[in-house]
Amino acid sequence: MVTGPVPGKEQATPIRDAAVMRALAHPARLSLLDHLGHSGPATATECAEVVGLSPSATSYHLRALARAGLVEAAPGRGDGRERLWRSTAGSYEIDSVADLDPEAREAMHGVLDSLLVRDEARARQYLLRADDEPRAWQDAAFFADATLLVTAGELKALGDALQELLGPYRKRNRMDSPAGARTVSAVVRAFPA
């Protein structure tokens, strides 16, 4: 199962369509979905600041996501001059991977590659600024690696348990976050070695 990038408590929207997966297969688009899912409707210019692209490049990616049904136009803020975009799903998942047709399987590989690129960039950005973080955050941040010996059923159960464990901390689920809370990137991968 591939889950992401916009977390939410509600039932995940299943994705099996190769065209939708191809629309997801770009790190900037994953970041756009993440931003819109966490921060709500935003303009292309506002999104551009978050993803580090020009407003026109960001508009291009937002339109690609809209064609795939992953974002849509949102009601304006009143003056009618700006176009707002919002996510159409709280979260999504690519499940039953073994049953995907060859075209969808290839598109899924593109999504996974984009997730890896995005997650690697986030980790490297943190490492560049880690020394500037407050001591408590430096001590709290962690990178973990483990080699497991499990059955497929145990690995599935572990993945489900991890999703359950992360649930209460997901940004979208924390309406009243405690003082001092910050957005944190948590990446967990488990696959046969």
Side-chain angles (χ1 to χ4, degrees), residues 1-122 159-160 163-164 166-167 170-175 183 185-189:
M1 172 185 7
V2 179
T3 304
V6 184
K9 197 173 206 172
E10 69 284 339
Q11 183 69 29
T13 301
I15 295 176
R16 299 193 57 76
D17 183 82
V20 174
M21 286 186 247
R22 281 193 297 274
L24 282 171
H26 192 287
R29 293 179 191 163
L30 294 171
S31 293
L32 286 167
L33 283 175
D34 191 39
H35 177 66
L36 293 173
H38 291 308
S39 302
T43 66
T45 300
E46 292 164 345
C47 290
E49 294 173 17
V50 173
V51 298
L53 297 173
S54 70
S56 62
T58 303
S59 290
Y60 169 81
H61 289 298
L62 285 165
R63 288 190 307 273
L65 290 169
R67 284 190 300 276
L70 296 166
V71 301
E72 64 187 7
R77 295 182 183 138
D79 67 7
R81 294 184 308 161
E82 59 186 7
R83 182 175 190 173
L84 292 174
W85 296 91
R86 67 179 171 203
S87 173
T88 59
S91 64
Y92 66 85
E93 70 180 12
I94 302 169
D95 210 344
S96 302
V97 173
D99 296 332
L100 292 175
D101 64 52
E103 182 184 6
R105 186 174 281 286
E106 182 179 336
M108 181 201 64
H109 287 277
V111 173
L112 289 173
D113 187 61
S114 291
L115 284 168
L116 289 171
V117 168
R118 184 200 62 182
D119 295 341
E120 178 75 12
R122 284 180 173 174
D160 292 344
Q163 291 286 359
E164 184 72 25
L166 294 172
R170 291 183 188 275
K171 188 174 181 180
R172 178 172 260 196
N173 297 340
R174 297 202 88 178
M175 299 307 158
T183 299
S185 176
V187 177
V188 179
R189 299 180 190 115

Worksheet item: At their closest point, which heavy atom of Ala25 faces which heavy atom of Ser114, and how far apart are they?
Response: C-OG, 2.9 Å
Worksheet item: Would you find a donor on one side and an acceptor on the other, under 3.5 Å apart, between the side chain of Thr43 and the backbone of Glu82?
Response: no
Item to complete: Identify whether the distance between the nearest side-chain nitrogen and carboxylate oxygen of Asp34 and Lys171 falls below 4.0 Å.
Response: no
Worksheet item: Residues in side chain to side chain donor-acceptor pair (under 3.5 Å) with Arg67, at least two apart?
Response: none
Discussion item. Is it the case that the side chain of Arg86 and the backbone of Val71 share a donor-acceptor pair, with hydrogens and angles ignored and the cut-off at 3.5 Å?
Written reply: no
Discussion item. So which atom in Leu53 and which in Ala28 form the shortest heavy-atom distance, rounded to 0.1 Å?
Written reply: CD1-CB, 3.6 Å
Worksheet item: Can you tell me how far the NE2 atom of His38 sits from the CZ atom of Arg170, to the nearest 0.5 Å?
Response: 9.0 Å
Discussion item. Counting C-beta onward and ignoring hydrogens, is there a side-chain heavy-atom pair between Tyr92 and Leu24 closer than 4.5 Å?
Written reply: yes
Worksheet entry | salt bridge (Lys or Arg N to Asp or Glu O under 4.0 Å) partners of residues 37-62, not counting sequence neighbours, each pair once | Glu46-Arg77
Discussion item. Could you check whether any side-chain N or O of Ser87 sits under 3.5 Å from a backbone N or O of Gly37, counting only pairs where one atom can act as donor and the other as acceptor?
Written reply: no
Worksheet item: For Arg189 and Leu116, what are the C-alpha separation, side-chain angles and deciding distance, and is it a side-chain contact (heavy atoms from CB on, under 4.5 Å)?
Response: CA-CA 10 Å; Arg189 299 180 190 115; Leu116 289 171; 3.3 Å; yes
Discussion item. Using side-chain heavy atoms (C-beta onward) and a distance below 4.5 Å, is Glu103 in contact with Met108?
Written reply: no
Item to complete: Run through Leu70, Leu36, Val20 and flag the one making a side-chain contact (heavy atoms from CB on, under 4.5 Å) with Leu65.
Response: Leu70
Item to complete: Start with the C-alpha gap between Met21 and Ile15, add the side-chain angles, then the distance that decides, and say whether side-chain contact (heavy atoms from CB on, under 4.5 Å) holds.
Response: CA-CA 7 Å; Met21 286 186 247; Ile15 295 176; 3.8 Å; yes
Practice prompt. Would you indicate whether the side-chain heavy atoms of His35 and Trp85 approach each other to under 4.5 Å?
Written response: no
Item to complete: Please step through side-chain contact (heavy atoms from CB on, under 4.5 Å) for the pair Arg105 and Val97, ending with a clear verdict.
Response: CA-CA 7 Å; Arg105 186 174 281 286; Val97 173; 4.0 Å; yes
Worksheet item: Counting only heavy atoms not in Glu72, do more than 12 sit closer than 6.0 Å to its CD atom?
Response: yes
Item to complete: Answer with yes or no whether the side chains of His109 and Asp113 bring together a donor and an acceptor at under 3.5 Å.
Response: no
Item to complete: Give me the one residue out of Val51, Leu115, Val117 that meets side-chain contact (heavy atoms from CB on, under 4.5 Å) with Leu30.
Response: Leu115
Practice prompt. Decide yes or no for Thr88 and Thr13: does some side-chain heavy atom of the first lie under 4.5 Å from some side-chain heavy atom of the second?
Written response: no
Worksheet item: Closest approach of Pro75 and Leu84, non-hydrogen atoms and distance?
Response: O-CD1, 3.1 Å
Worksheet item: Can Arg16 and Ile94 be said to form a side-chain contact (heavy atoms from CB on, under 4.5 Å), step by step?
Response: CA-CA 6 Å; Arg16 299 193 57 76; Ile94 302 169; 5.9 Å; no
Discussion item. So which atom in Ala18 and which in Ala107 form the shortest heavy-atom distance, rounded to 0.1 Å?
Written reply: O-CB, 3.6 Å
